[in-house]
Colleague: 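Got a structure for you, written out below as structure tokens; questions coming shortly.
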Amino acid sequence: MATKLGPSYLFSFSAVCVLLICCWASLVESNPVWAETNNQLDRDEVAFEAGEPLTDEEFNSNEQGKAVSIDNHGTQPWQHQPDSGLVGGDLLPEDAKNGNKNAAAKWPNAQVPYVISSSFSAKDRQVIASAMAMYHQKTCIRFVARGTQKDYVKIVRGNGCWAVKGRAGGGQELILGDGCVSRATVVHELMHALGFSHEHQRPDQKKFIVVKYDNIQNQHHQWFEPHQPDAVNSIGRYDIKSVMHYNAYSSFAVDTSKPTMVTKTGGTTMGNEYGLTAMDVEKLKTFYCK
């Protein structure tokens, strides 16, 4: 025979339910991560705390910072992540957004809205501002503090250094970790965000350098192979000193004491630790300013 519940029992059960619902709502309000645990973007947005926009004083600082190298050959920081799953060590796998070929990936009016994490030190901020200032001084491109723009670059202090290539839509991350906050490295990652690939992978690569595939780990050969001519629009001339060019020594190497690339004459001077070269500037102007 079924037991008939009395009014007092039903009242107590209802009160407990109401109490549990109130507690859950309070927790969700105080910790929004609980509300959408399967949405990575929501979790990232909650964890990211925006700092103040960069100031004129910081833009005028001319601070260069110093990149950390893992060897005596000055290997660039973006090559320190050989097993990260990133394209060439510093690009999110997102080949469809190639600014050199796809006009839709360009930033409108050559303006790139940004937000910057509050976790960067005062000196870090000066280095990042100095890198942006190089674009301001030499091109029509402007990095502007984000207002209500939907698409923007979110500069985050994280692990390694990498970026999304071209305007991908929404808030796209540009990560600068330990050893990555030097002006040349920030300039490099910003140029990826503007839509440019690594210089040594231009379709005309073989006319200028020799890739030592026997000294490159098999799984990383792809980061040294030239792009097909129809995959990118190769603006201007090959620039062996470009800020987008790998240098000769790499952590992708089998033997890091030996170069992975040399010039046609056997030289190992590639890339630079300063920033934009004259040819980098011309390519940026051609893509954004003409």
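We count residues from 1, following the sequence as given. Atoms considered below: every heavy atom in the structure, side chains included; atoms not considered: hydrogens, waters and symmetry mates.
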Colleague: Verify whether one side chain among S242 and D280 offers a donor that lies under 3.5 Å from an acceptor in the other.
Modeller: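 There is such a pair between these side chains.
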
Colleague: Where is the tightest heavy-atom contact between D239 and E199, given as atom of each residue plus distance?
Modeller: N-OE2, 2.8 Å

Colleague: Considering only heavy atoms from C-beta outward, does the side chain of R202 approach that of M244 to under 4.5 Å?
Modeller: no

Colleague: Quick one: are H200 and I209 in side-chain contact, heavy atoms under 4.5 Å?
Modeller: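 Yes. Closest side-chain heavy atoms under 4.5 Å.
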
Colleague: For the side chain of T268 and the backbone of V262, is there at least one donor-acceptor N/O pair under 3.5 Å apart?
Modeller: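 Not a single qualifying donor-acceptor pair exists.
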
Colleague: With sequence neighbours excluded, tell me which residues meet ring pair (Phe, Tyr, Trp, His ring centres under 6.0 Å) with F120.
Modeller: none

Colleague: Side chains of V186 and L176: does their closest heavy-atom pair fall under 4.5 Å?
Modeller: yes

Colleague: To the nearest 0.5 Å, tell me how far M134 CE sits from N62 CG.
Modeller: 7.5 Å

Colleague: I need the S119 OG to D124 CG distance, nearest 0.5 Å.
Modeller: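 Reported value, rounded in 0.5 Å steps: 8.5 Å.
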
Colleague: Surrounding CG of D56 (heavy atoms of other residues, nucleotides or ligands, distance under 6.0 Å), is the total greater than 12?
Modeller: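 Check fails, neighbour count at 12 or below.
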
Colleague: Should V115 and I155 count as side-chain neighbours, where that means a heavy-atom distance under 4.5 Å?
Modeller: no

Colleague: Could K106 and F287 be counted as a cation-pi pair, given that NZ or CZ must be under 6.0 Å from the ring centre and within 45° of the axis?
Modeller: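 K106 over F287 ring: yes.
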
Colleague: Of the non-hydrogen atoms in G166 and Q172, which two are nearest, and what is the gap between them?
Modeller: O-NE2, 2.9 Å

Colleague: Is it the case that K154 places NZ or CZ above or below the six-membered ring of F48, under 6.0 angstrom from the centre and within 45 degrees of the axis?
Modeller: yes

Colleague: Examine distances only and state if a side-chain atom of W107 and a backbone atom of A193 form a donor-acceptor pair shorter than 3.5 Å.
Modeller: yes

Colleague: Would the number of heavy atoms belonging to other residues, nucleotides or ligands and lying under 6.0 Å from NZ of K264 be above 12?
Modeller: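 Buried by this count: over 12 neighbours within 6.0 Å.
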
Colleague: Where is the tightest heavy-atom contact between I141 and H136, given as atom of each residue plus distance?
Modeller: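 For I141 versus H136, the nearest heavy atoms are O-CD2, 3.3 Å.
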
Colleague: Do other residues, nucleotides or ligands put more than 12 heavy atoms under 6.0 Å from the NZ atom of K290?
Modeller: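 Yes, NZ of K290 has more than 12 neighbouring heavy atoms, counting only those of other groups under 6.0 Å.
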
Colleague: For the backbone of Y246 and the side chain of H198, can you confirm whether one donor and one acceptor N or O come within less than 3.5 Å of each other?
Modeller: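 No; zero donor-acceptor contacts below 3.5 Å.
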
Colleague: Is there a salt bridge (Lys or Arg N to Asp or Glu O under 4.0 Å) between E189 and K165? Walk through the geometry before answering.
Modeller: CA-CA 9 Å; E189 299 304 338; K165 186 167 62 176; over 6 Å; no

Colleague: So that I know where these two stand, are F208 and H245 an aromatic pair - ring centroids less than 6.0 Å apart?
Modeller: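 No, too far apart.
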
Colleague: Can you tell me how far CD of E273 sits from OG of S182, rounded to the nearest 0.5 angstrom?
Modeller: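 Spacing of OG (S182) from CD (E273) equals 8.0 Å.
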
Colleague: Answer yes or no for R146 and Y152: cation-pi contact, defined as NZ/CZ to six-membered ring centre under 6.0 Å and angle to ring axis within 45°.
Modeller: yes

Colleague: Can you confirm whether Y114 sits close enough to L54 that some side-chain heavy atom of one is under 4.5 Å from a side-chain heavy atom of the other?
Modeller: yes

Colleague: Distance check, rounded to the nearest 0.5 Å: N218 atom CG versus F252 atom CZ?
Modeller: 14.0 Å

Colleague: Considering only heavy atoms from C-beta outward, does the side chain of R183 approach that of E63 to under 4.5 Å?
Modeller: no

Colleague: Walk me through it: do R237 and D204 pass the test salt bridge (Lys or Arg N to Asp or Glu O under 4.0 Å)?
Modeller: CA-CA 9 Å; R237 295 180 290 121; D204 55 353; over 6 Å; no

Colleague: Between M191 and L284, is any pair of side-chain heavy atoms under 4.5 Å apart?
Modeller: yes

Colleague: Would you compute the distance between atom OG of S250 and atom CD1 of I216 and round it to the nearest 0.5 angstrom?
Modeller: 7.5 Å

Colleague: Which heavy atom in D255 sits nearest to a heavy atom in S257, and how many Å separate them?
Modeller: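 Closest approach of D255 to S257, heavy atoms only: OD1-OG, 2.6 Å.
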
Colleague: When you measure from the side chain of E58 to the backbone N and O of Q126, does any donor-acceptor pair fall under 3.5 Å?
Modeller: no

Colleague: Does R142 CZ have over 12 foreign heavy atoms under 6.0 Å away?
Modeller: yes

Colleague: Taking atom OG1 of T139 and atom CD of E282, what is their separation to the nearest 0.5 Å?
Modeller: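 One finds 11.0 Å between OG1 of T139 and CD of E282.
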
Colleague: Could you report the tightest heavy-atom contact between A163 and H192, atom names first, then the distance?
Modeller: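 So the two residues come closest at CB-CB, 4.1 Å.
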
Colleague: Might you point out which heavy atoms bring V243 and H188 nearest each other, and give the distance in Å?
Modeller: O-ND1, 2.8 Å

Colleague: Quick one: list whatever passes ring pair (Phe, Tyr, Trp, His ring centres under 6.0 Å) with Y288, sequence neighbours left out.
Modeller: none

